[in-house]
Enquirer: 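Below: one structure in structure tokens.
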Amino acid sequence: MAVSSSVILSPLNFNFITNNKDINKNLSFLSANPLIFNISSKPTNINKGSSIVLCSYKSGSGLTAEDKRVLRERYGFDPNEYISETKNERIKEGKKQGKGKEVVAEEEAKVPRTTHKLLQVLGGKAKRKKLLSPKGMDVRPMMEVVKGAAFDILQAADGCPASLRPGCWLDLYSGTGSVGIEAISRGCSEAHFVEMDPWVVSNVLRPNLEWTGFLDASVIHPVRVETFLEQADRFVGNGPFDYISVTPPYTQVDYGMLMSQISKSPIVGEDTFIVVEYPLRTDMLDSCGCLVKIKDRRFGRTHLAIYGPKWAQKKRKSEKTLQNTT
């Protein structure tokens, strides 16, 4: 796919034939609220022959507050801890209680979202470069100790401890883009970022790609992960991704359903490696489609699971055997 890398300041084209009034409302919202995002000017092996990028402005995960409380309890968090709601959800609830104007005024009086530079690239050609991240808990980036361990494991499992092979990385729930940026820095030739928040895309993710010099090696998909997986055949094109990172907000996903959807998607191939960050008390299967779990490590209340091809698991076992005999 070869298109201009300049910022696109227009609503995306949609080919919808529908009688659904909700969808039509969403489309009219898009026409009034254009999205800023970047698409690589570099020809890519992914999605060759198609320039369709889907866009969804639907916020949140589709889960109710009660659903989130159940997930928090399942993952070992305090179920009564405050669970953030979107602005629209709070206004809608306020109207039900006859407090619509008060809630709207409260939302408008809130401090604008801002960023700071607390993250950095850990290895490769962009090593030590600082990255933007939103202040507060709007986006929860992967901890640097977890990220560093993930890439060390991947590089060893893939047979090249010094760097990653020049493949294509898919960063789901990308947020700041720190995982995909780390991948390009360490040798990946291209990275795709799936992030649905327009503010994060234009104020955090894209500036990070520009600052590290990786804009031309990147493709941003401003859609929900669920939408991306459902429409994966439009994005994959000539084959699956070489690496996939899955770092969702803990309280907004059901890991069983998410991993099932990923395992059945064409984004996964026989030689794909998948990195999954997940919370304590989550039951992760020993396989994901044709892939097997080759590593599972704990970092406090966070777990890191890595799935890969069977040959990588056999290689790891033979290396352990060799170490034990020497």
Side-chain angles (χ1 to χ4, degrees), residues 75-77 113-158 160-165 167 169-188 191-195 197 200-201 203-215 217-218 220 225 242-253 255 273-280 282 284 293-308:
Y75 297 148
F77 296 97
R113 297 169 76 180
T114 56
T115 62
H116 51 187
K117 285 191 174 184
L118 295 182
L119 304 176
Q120 67 175 341
V121 183
L122 302 179
K125 51 194 175 186
K127 186 176 180 179
R128 295 192 181 91
K129 280 206 170 187
K130 295 288 186 179
L131 300 176
L132 290 170
S133 60
K135 288 184 179 180
M137 294 302 293
D138 291 25
V139 175
R140 182 194 54 78
M142 177 183 272
M143 293 188 300
E144 292 192 344
V145 63
V146 180
K147 183 171 68 172
F151 280 92
D152 289 343
I153 295 168
L154 279 179
Q155 290 170 196
D158 209 12
C160 186
S163 64
L164 293 173
R165 55 190 161 100
W169 188 287
L170 173 62
D171 189 354
L172 298 176
Y173 304 96
S174 60
T176 65
S178 68
V179 180
I181 288 172
E182 189 77 32
I184 301 174
S185 180
R186 293 187 183 229
C188 270
H192 288 236
F193 300 85
V194 181
E195 173 52 52
D197 188 329
V200 171
V201 169
N203 293 279
V204 181
L205 177 55
R206 193 177 192 279
N208 281 341
L209 292 171
E210 290 176 335
W211 167 241
T212 52
F214 297 153
L215 192 61
S218 304
I220 296 174
V225 168
D242 299 290
Y243 304 95
I244 301 171
S245 54
V246 185
T247 57
Y250 292 162
T251 62
Q252 295 187 22
V253 298
Y255 275 83
F273 286 89
I274 303 179
V275 178
V276 186
E277 185 185 34
Y278 67 95
L280 194 64
T282 305
M284 296 293 289
K293 190 191 291 184
I294 60 176
K295 189 70 176 179
D296 198 319
R297 286 186 60 181
R298 179 179 175 180
F299 301 84
R301 299 175 72 178
T302 295
H303 275 256
L304 175 69
I306 296 183
Y307 295 88

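Bear in mind the structure is a predicted one, so any value in this text is a computation, not a measurement.
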Enquirer: Consider side chain to side chain contact (heavy atoms under 4.5 Å, CB included). Of Asp296, Val246, Ile306, which one does Val276 pass it with?
Expert: Val246
Enquirer: Would you list the atom pairs, donor with acceptor, under 3.5 Å between side chains in residues 124-133 and any protein atom, with sequence neighbours excluded?
Expert:
unit_1, atom_1, unit_2, atom_2, d
Lys129, NZ, Trp211, O, 3.0
Ser133, OG, His116, NE2, 3.4

Enquirer: Distance from Arg301 atom CZ to Tyr278 atom OH, nearest 0.5 Å?
Expert: 15.0 Å
Enquirer: So which atom in Phe193 and which in Gly177 form the shortest heavy-atom distance, rounded to 0.1 Å?
Expert: CE2-O, 3.5 Å
Enquirer: Minimum heavy-atom separation for Glu195 and Val201, please, with both atom names.
Expert: O-CG2, 3.7 Å
Enquirer: Any chance you could measure Leu119, atom CG, to Met142, atom CE, to the nearest 0.5 Å?
Expert: 12.0 Å
Enquirer: Would a distance-only check, ignoring hydrogens and angles, find a side-chain to backbone donor-acceptor pair under 3.5 Å from Glu144 to Gln120?
Expert: yes
Enquirer: Tell me the closest heavy-atom pair linking Gly180 and Asp171, and the distance in Å.
Expert: N-OD2, 3.0 Å
Enquirer: Which residues satisfy the salt bridge (charged side-chain N to carboxylate O under 4.0 Å, His left out) test with Arg165, sequence neighbours excluded?
Expert: Asp158, Asp242
Enquirer: Applying ring pair (Phe, Tyr, Trp, His ring centres under 6.0 Å), name anything that partners Phe214, two or more places apart in sequence or on another chain.
Expert: none
Enquirer: Set out, in order, the CA-CA distance, both residues' side-chain angles and the distance that settles side-chain contact (heavy atoms from CB on, under 4.5 Å) for Asp197 and Arg113, then state yes or no.
Expert: CA-CA 12 Å; Asp197 188 329; Arg113 297 169 76 180; 3.1 Å; yes
Enquirer: As a test of understanding, state which of Val275, Ile244, Ile274 forms a side chain to side chain contact (heavy atoms under 4.5 Å, CB included) with Leu172.
Expert: Ile244
Enquirer: One pair to check against side-chain contact (heavy atoms from CB on, under 4.5 Å): Met284 and His303. What are the steps and the verdict?
Expert: CA-CA 10 Å; Met284 296 293 289; His303 275 256; over 6 Å; no
Enquirer: Just jot down the side chain to side chain donor-acceptor pair (under 3.5 Å) partners of Ser163, sequence neighbours excluded, or say none.
Expert: none
Enquirer: Quick one: are Val225 and Pro248 in side-chain contact, heavy atoms under 4.5 Å?
Expert: no
Enquirer: Of all heavy-atom pairs between Ala305 and Lys293, which one has the smallest distance, and what is that distance?
Expert: CB-CE, 4.5 Å
Enquirer: What is the distance from atom CG of Leu304 to atom OG1 of Thr247, rounded to the nearest 0.5 Å?
Expert: 11.0 Å
Enquirer: With heavy-atom distances below 4.5 Å as the criterion, would you say the side chains of Glu277 and Phe299 are in contact?
Expert: no
Enquirer: Tell me the closest heavy-atom pair linking Pro134 and Val204, and the distance in Å.
Expert: CG-CG2, 4.0 Å
Enquirer: What residues, two or more places apart in sequence or in another chain, satisfy side chain to side chain donor-acceptor pair (under 3.5 Å) together with Asn208?
Expert: none
Enquirer: Go through it in stages, so that I can follow the logic: the residues are Ser174 and Leu205, the test is side-chain contact (heavy atoms from CB on, under 4.5 Å), and I'd like the CA-CA distance, side-chain angles, deciding distance and then a yes or no.
Expert: CA-CA 8 Å; Ser174 60; Leu205 177 55; 3.9 Å; yes
Enquirer: Measure the CD1-OH distance between Ile294 and Tyr307 for me, rounded to the nearest 0.5 Å.
Expert: 11.0 Å
Enquirer: Side chains of Ile184 and Ser218: does their closest heavy-atom pair fall under 4.5 Å?
Expert: yes
Enquirer: For Asp152, check side-chain contact (heavy atoms from CB on, under 4.5 Å) against everything at least two apart and list the hits.
Expert: Arg186
Enquirer: Begin with the C-alpha distance, continue with both residues' side-chain angles, and end with the deciding distance and a verdict on side chain to side chain donor-acceptor pair (under 3.5 Å) for Thr282 and Tyr250.
Expert: CA-CA 10 Å; Thr282 305; Tyr250 292 162; over 6 Å; no
Enquirer: With sequence neighbours excluded, what pairs up with Ala183 under the side-chain contact (heavy atoms from CB on, under 4.5 Å) test?
Expert: Phe151, Leu164, Trp169, Cys188
